[in-house]
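To start, the structure under review is shown below, and the notes come after it.
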Amino acid sequence: MILVNFENHITDESEQSYIDLIAKVTQHILLAEGCTYDSEVSVILTDDEEIRQTNLAFREIDKATDVLSFPNFDFIKPADFEALKDHMNDYNYFNPENKAFYLGDIMVSDAKAHLQAEEYGHSYAREFAFLIAHSILHLIGYDHMTPEEASVMEEKQRNYLNELGITRDADFVF
């Protein structure tokens with residue numbers, strides 16, 4: 001089970017459609033990566049200024065970006081969920097109320113998602129799903145600092161979204 005905490009700092013649009021998409025993408029990735037824990041993630045949909053300020057505060061980069069990911073657990077090896085066994089009673093990693101593994105936090109720039117959707121010629125919902133997939137992979141230990149790491153992440157993102165039918169050429173909407 002995936003629990004989604006969602007804050008929409010942008011619009012009055014149905015938050016449920018965002019929550020459903022986040023849960024769908026997250027659950028698919030976690031199952032494919034071998035996670036057997038109920039999990040929880042927090043996502044904020046925000047504007048370029050808020051994400052710029054957050055990027056500056058946490059990464060010392062003074063510019064807006066499309067998405068920021070803040071993992072709650074430091075995986076030594078990507079998706080090594082066995083490493084969590086020693087932390088089952090640690091409330092820093094598992095929510096004491098529901099016992100779910102807390103993946104971390106994601107912040108998405110609504111403006112960047114709209115811009116990138118237009119640039120790539122696909123729907124906003126597809127771009128949002130891509131940014132969530134990208135971030136979930138970060139939250140479970142994947143990175144793209146080297147060409148090899150980038151290749152692995154890109155392939156996983158593409159494959160997982162394709163498996164869900166969330167492709168660039170599909171008319172995917174919320």
Side-chain angles (χ1 to χ4, degrees), residues 1-11 13-46 51 65-73 75 77-82 84 95 98-145 147-174:
M1 177 176 70
I2 303 299
L3 301 165
V4 177
N5 305 310
F6 181 74
E7 291 182 34
N8 186 340
H9 295 183
I10 299 300
T11 70
E13 292 177 30
S14 168
E15 291 188 0
Q16 192 60 50
S17 58
Y18 283 97
I19 292 168
D20 292 346
L21 182 56
I22 294 164
K24 178 180 180 176
V25 171
T26 301
Q27 183 165 342
H28 185 76
I29 291 171
L30 292 180
L31 287 174
E33 292 289 330
C35 181
T36 58
Y37 300 101
D38 287 346
S39 299
E40 185 173 357
V41 65
S42 293
V43 179
I44 296 174
L45 182 65
T46 191
I51 207 165
T65 188
D66 55 358
V67 66
L68 292 171
S69 309
F70 300 97
N72 189 47
F73 185 79
F75 286 90
K77 178 180 156 196
D80 180 13
F81 295 102
E82 289 294 314
L84 290 171
N95 185 327
N98 58 32
K99 308 296 185 214
F101 168 53
Y102 190 73
L103 293 162
D105 304 309
I106 298 170
M107 182 177 274
V108 178
S109 165
D110 182 67
K112 293 275 190 237
H114 277 287
L115 179 65
Q116 290 171 182
E118 187 176 314
E119 287 175 356
Y120 289 117
H122 55 240
S123 71
Y124 169 81
R126 194 280 177 192
E127 184 64 21
F128 184 84
F130 171 83
L131 294 173
I132 295 300
H134 181 86
S135 289
I136 293 300
L137 290 171
H138 275 310
L139 296 184
I140 61 172
Y142 288 95
D143 211 339
H144 47 80
M145 298 304 288
E148 295 80 18
E149 290 174 338
S151 178
V152 168
M153 264 190 89
E154 289 165 9
E155 182 177 355
K156 286 181 175 290
Q157 291 162 171
R158 183 176 49 256
N159 289 343
Y160 292 146
L161 291 177
N162 285 346
E163 290 165 6
L164 290 168
I166 305 174
T167 61
R168 286 190 173 178
D169 57 349
D171 191 23
F172 181 77
V173 294
F174 285 107

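Excluded from the calculations below are hydrogen atoms, water molecules and symmetry mates; all remaining heavy atoms, backbone and side chain alike, are included. Residue numbers count from 1 along this sequence.
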- CG/Leu45 to CZ/Phe6 distance, rounded to the nearest 0.5 angstrom? 5.0 Å

- Going by heavy atoms in the side chains, are Val152 and Lys156 under 4.5 Å from each other? yes

- Query: Can any side-chain N or O of Asp38 pair as donor or acceptor with the backbone N or O of Met1 at less than 3.5 Å?
  - Reply: yes

- Could you walk me through whether Tyr160 and Ile136 pass the side-chain contact (heavy atoms from CB on, under 4.5 Å) check? CA-CA 11 Å; Tyr160 292 146; Ile136 293 300; over 6 Å; no

- In this structure, are over 12 heavy atoms from other groups packed under 6.0 Å from Glu118 atom CD? no

- Which heavy atom of Val43 sits nearest a heavy atom of Ile132, and at what distance? CG1-CD1, 4.1 Å

- Minimal heavy-atom distance between Leu30 and Leu103, with the atoms involved, is CD1-CD1, 3.9 Å

- Task: Ignoring hydrogens and angles, tell me if any N or O in the side chain of Ser151 forms a donor-acceptor pair with the backbone of Pro147 under 3.5 Å.
- Result: no

- Item | Tyr102 ring center near Phe73 ring center (under 6.0 Å) | no

- Query: Which class fits the ring pair Tyr37 and Phe81: parallel under 30°, tilted 30 to 60°, perpendicular over 60°?
  - Reply: tilted

- Item | Audit row: Leu139, Thr26, side-chain contact (heavy atoms from CB on, under 4.5 Å) steps and yes/no | CA-CA 11 Å; Leu139 296 184; Thr26 301; over 6 Å; no

- Query: Do Glu40 and Asn5 pass the side-chain contact (heavy atoms from CB on, under 4.5 Å) test, and can you show the C-alpha distance, the side-chain angles, and the key distance before you say yes or no?
  - Reply: CA-CA 8 Å; Glu40 185 173 357; Asn5 305 310; 3.0 Å; yes

- Task: Go through the steps to decide whether Tyr124 and Asp110 satisfy the test side-chain contact (heavy atoms from CB on, under 4.5 Å), and finish with yes or no.
- Result: CA-CA 9 Å; Tyr124 169 81; Asp110 182 67; 2.7 Å; yes

- Query: Rounded to the nearest 0.5 Å, how far apart are CD of Gln116 and NE2 of His122?
  - Reply: 8.0 Å

- Message: Tell me the closest heavy-atom pair linking Val41 and Ile106, and the distance in Å.
- Response: CG2-CD1, 4.0 Å

- Residue pair Gln157 / Tyr142, side-chain donor-acceptor N/O under 3.5 Å: no

- Message: Does any part of the side chain of Ile22, heavy atoms only, come nearer than 4.5 Å to the side chain of Phe128, both counted from C-beta?
- Response: yes

- Message: Quick check for you: to the nearest 0.5 Å, what is the distance between Tyr120 atom OH and Glu127 atom CD?
- Response: 7.0 Å

- Could you state the interatomic distance from CG (Leu84) to CD (Glu82), rounded to the nearest 0.5 Å? 9.0 Å

- Query: Which pair of heavy atoms, one from Asn8 and one from Ile10, lies closest together, and at what distance?
  - Reply: OD1-N, 2.9 Å

- Parallel, tilted or perpendicular: ring planes of His134 versus His144, cut at 30 and 60 degrees: tilted

- Item | Heavy-atom pair of closest approach, residues Pro71 and Ser69 | CD-O, 3.5 Å

- Task: Report the C-alpha distance between Glu163 and Asn159 in whole Å, list the side-chain angles of each, state the deciding distance to 0.1 Å, and finish with yes or no for side-chain hydrogen bond (donor to acceptor under 3.5 Å, both in side chains).
- Result: CA-CA 6 Å; Glu163 290 165 6; Asn159 289 343; 5.6 Å; no

- CZ of Arg168 to CG of Leu161: how many Å apart, nearest 0.5 Å? 10.0 Å

- Message: Can you tell me how far apart CG (Leu164) and NZ (Lys24) are? Round to the nearest 0.5 Å.
- Response: 5.5 Å

- Message: Has Glu149 got a side-chain atom pairing as donor or acceptor with Met145's backbone, closer than 3.5 angstrom?
- Response: yes

- Shortest non-hydrogen contact from Ile166 to Ala129? CG2-CB, 3.9 Å

